[in-house]
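Here the structure is a predicted model, which means the values were calculated and not measured. In what follows, residues are counted from 1 in the order of the sequence shown.
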Amino acid sequence: MKNLTVSQLARVCGVVGVLVGVAWATPTRAEETTDVIVGKVVDAVSQLPVPDVVVTATAPERGGEQTVVTRVDGTYHIESIPPGTYTLLFEKEQYRPLRRTEVHKLAEQELRVDALLEPESPDDLGDMIYCGPVVSDGFSAGVSTALYHELDTGALAQRPLAGRRAMRTLDGVLTLASNMVETRRGGTLLGTSPWENEYLLDGLSTRDAVTGRNALPLSLEFLQDATVFTHGLRAQQGSATGVVVEQVSRAGSNELRGNVFVKWVPGGLAESGHGNSTLGEPRARHAILHQGDFGVSLHGPIAKDQLWFFMGVVPALSRVEHDNGSRSFIDHREVQALGRLTYLVNHDHNLSLMAMTTPSTSRWQAVDSMPGGVDHGTSRVAFDYSGAFFEKRLLLDAHAGWLGQNVTTSPTRPTEVPGSLCDGSLDDWPIDCDAGNQATHRYQASVQGMYYGEILGMLHLPKMGVSAEKLVHRWEQGTQAETHGGFASAYLQDTWSPLNWLTFNTGLRYDAQSIGGRIHGREVTTHKLSPRLGITVAPTRQDQLRVFANYARYQGRVLLGLLRPHRSTEGVVANVRLDPSLTPPATTELVTGVEFAPEFVTSASIVYARRTRTSGLQRIQDAARGGLVLVNPGRSLGADLPAPRSRHDSVTLEVDRTFHGNWSMLLAYTWSRLQGATLEEQRGVLNRPHLLKLSGTREFSKSGGSWGVSVGASYVGIAGAPIGAAEKRAPWMHSVDARLAFHYNVDRTQAVALHVDVFNVFDTQADDSPTSGREAAVLPVYQTPRQMRLEARYAF
């Protein structure tokens, strides 16, 4: 997995630590090897070794930890550490703590992890943290971006937009991955759609089965770690034809710590809205009058070394003025509240219980129409268990949870107020409040196990898991209508290294989905297998070089939003029937790439990926029975439609460098091409041939680290959207954002920080999107006009 930290230019970071590399020792006979993690810790300013640093290695699957202290020369040596996935924590007074997650260790191999430490800043404030270049481990033939530092820094992302929820969530941070773009429907990978992504929170899916979007976009204040997997997905990572986003919620610790913060976008500091698009069409004006969130979080021990808690509450609110000849106002209110208990039974077993709720309301009032509104609530209760058996050679994880969603709308149709949270048309795929009152109940359970050891004389790390869920979705349009969904999955994968420089990833995934209900005529069940095969070559240790290739077949899911009853212009409600041979959408992917870290502070990578769509979904008119029927184009009832054979090729080049003197820089460019896509497919995917991201930061700090000032800027350029059927495109979209940040350490455990973010600095970005909702494709987010976001934070 690619753990190169990718961030926008305004990712205001004082370099807390640079992970130098992950490499293996020279091959030796099994009886002579030891399971160890070694490394060296260096002062980032003086470049001298740092003694007496406490290094703690923990594995969530095991529940235990091992701790050592660095020697006079800054080196450390953790012995007898079994294989698994670890988190390393480096701590020393007067230095900022450095946490490194997703550190993979195989059996009978030496793992090296070096680190740089900067002057101390409380890790809960984390406004100056940056993880520098590193070639990822050689165990995975995929591409991913770790976002755990961005969660702490509050990276300059998720722009304030009219009609957008005010709360800052991970959905707006996904664009920090090199080839991800923020669209009007959420973050997405070039060549895919936002509703193709999978979202996992603490091991269970939070993907909305109706819309395909993230049903539970947590506030960044509640997330501890997150990783977005863009290419080369392993068998364990769920069914998705887009990206997979793995999230870990915050938990307690042995220290009582907390945060108080406020983030605000005052409309009085914004430029006036633009009246025309770059295409010359008159545009309605959407003005943010105010938008922001605030809150508090607290975590600590109930019983030290055994029982911990985390709790937090984050309200958010916004008001938007809409003017297209007549004025209207749209108000949105939202609250997120989360509580979590973690209990360590012993060093082999631990339990966790989490509960949260996210109620929200949207209200609008137009001058010449009746008021409208939407109430939306999502709640989740989840139980997690991690255990180790047979002298920690078998690791088990189990998760069970319930996810409930309710949507209630007023009599006024949401689409009567453009810019509301519920705007959109039937062809834009389902929006959760478009069909009136709805309720969804989702029951989930999953178990996975990992065993390490020798098989046929070679080192292996096999994993297997099973999951199941039951879904009940109730539509209410005059009469009660209900759709049932059931999902079952199983996977088996293995990581094995016949040589210390050669690793194979193999996997096979089975997915079954059943959907239907009385209103759809019958129930349809599908069974699909998805093979995965990858290879990684790490020929040298000094140069930190990784060459990899991966082939995979991905299966998606049939979104229940496509089954919603359809109301005709005459007001007649018609149910959607299902093709008896219906199958979920599917793609195949081939990816290959090279990662290279020639220096301690620099890394570079180039990745080529090809995705081919082999199965799609479309609703058509049923000539025989009337109404709509959901089919696969090119098959069965959809045989008269062209079969999907679209192909998307992309090449991504990325260079990440950290300079001496607290400078950092990122350059990422992606070229892509979509071929063979029908007009319907082109409307549903992000089709842009060029994407350029450039960012840089500079930190100025007082000797000793009591205070610091950071400045940063980022540039994003995206090629224009296609115009009609002709091979013409709108002009490029250019955006420059900037940040100024100040932090002051009151003492060892308290700090304050102030941020000023400026989006669309030059106020040159204009909206070139079509005015008609029916013509609108998946378009990148356009920021008009210039906006400023202010943030204040106190950590204790």
Side-chain angles (χ1 to χ4, degrees), residues 195 205-213 215 239 376-379 401-409 424 426-445 467-489 511-528 555-568 571-586 615-633 635-638:
W195 44 80
S205 174
T206 60
R207 183 186 187 189
D208 193 319
V210 178
T211 68
R213 295 176 299 175
S239 24
H376 192 174
T378 303
S379 300
W402 166 79
L403 181 68
Q405 299 170 259
N406 287 279
V407 178
T408 304
T409 65
L426 182 67
D427 295 321
D428 283 329
W429 287 60
I431 304 304
D432 50 11
C433 55
D434 228 8
N437 302 335
Q438 303 179 30
T440 304
H441 295 276
R442 189 174 186 179
Y443 307 90
Q444 302 169 282
S467 62
E469 65 177 82
K470 177 66 177 178
L471 184 90
V472 178
H473 183 76
R474 294 188 176 93
W475 310 98
E476 297 183 24
Q477 289 193 348
T479 59
Q480 182 80 7
E482 185 174 286
T483 300
H484 302 276
F487 304 92
S489 302
D511 290 291
Q513 177 179 2
S514 64
I515 54 173
R518 180 180 57 82
I519 65 173
H520 305 297
R522 60 171 298 170
E523 186 170 291
V524 174
T525 302
T526 64
H527 305 271
K528 292 294 179 179
Q555 306 292 339
R557 291 190 175 183
V558 178
L559 296 179
L560 300 189
L562 293 173
L563 279 63
R564 71 180 181 201
H566 173 63
R567 186 186 299 274
S568 67
V572 178
V573 177
N575 298 322
V576 178
R577 294 180 49 249
L578 304 177
D579 187 332
S581 61
L582 189 72
T583 63
S615 177
L617 298 171
Q618 189 171 333
R619 286 176 295 189
I620 63 174
Q621 288 292 333
D622 188 348
R625 302 176 58 177
L628 296 174
V629 58
L630 184 62
V631 302
N632 298 119
R635 296 179 60 250
S636 190
L637 297 181

Minimum heavy-atom distance between G638 and D579, given as atom pair plus value: N-OD2, 4.2 Å
Closest heavy-atom pair and its distance - A439, N406: CB-OD1, 3.4 Å
Answer whether the closest heavy-atom distance between the side chains of T378 and H376 falls below 4.5 Å. yes
Heavy-atom side-chain proximity of R635 to T583 below 4.5 angstrom: yes
Contact check, side chains of W402 and S379, non-hydrogen atoms, under 4.5 Å: yes
If you measure from NZ on K528 to OG on S489, what distance do you get to the nearest 0.5 Å? 14.0 Å
4.5 Å side-chain heavy-atom contact, H484 and I515: no
For V558, is there any backbone N or O sitting under 3.5 Å from a side-chain donor or acceptor partner on Q513? yes
From CA spacing to verdict: salt bridge (charged side-chain N to carboxylate O under 4.0 Å, His left out), R557, E469: CA-CA 13 Å; R557 291 190 175 183; E469 65 177 82; 3.5 Å; yes
Heavy-atom distance under 4.5 Å between the side chains of L582 and N632, does that happen here? yes
H441 versus R474: any side-chain heavy-atom pair under 4.5 Å? yes
Here the pair of heavy atoms bringing A209 nearest to R442 is N-NH1, 4.4 Å
Measure the shortest side-chain to side-chain distance between T440 and V472 over non-hydrogen atoms and say whether it is less than 4.5 angstrom. no
What's the shortest heavy-atom distance between G516 and L578, and which atoms? CA-CD1, 4.1 Å
For the residue pair W475 and H473, categorise the inter-ring angle as parallel (less than 30°), tilted (30 to 60°) or perpendicular (more than 60°). perpendicular
Nearest atoms (heavy-atom pairs only) where G561 meets R619: O-NH1, 4.1 Å
Donor-acceptor pair, distance only, cut-off 3.5 Å: does the side chain of S615 make one with the backbone of P584? yes
Please determine which of L637, L563, I620 meets the side-chain contact (heavy atoms from CB on, under 4.5 Å) test together with L630. L563
Atom CZ of R213 and atom CG of L559: how far apart are they, to the nearest 0.5 Å? 10.5 Å
Distance in Å, R577 CZ paired with N575 CG, rounded so as to fall on 0.5 Å steps: 11.0 Å
Smallest separation among heavy atoms of D511 and S239, with atom names: OD1-OG, 3.5 Å
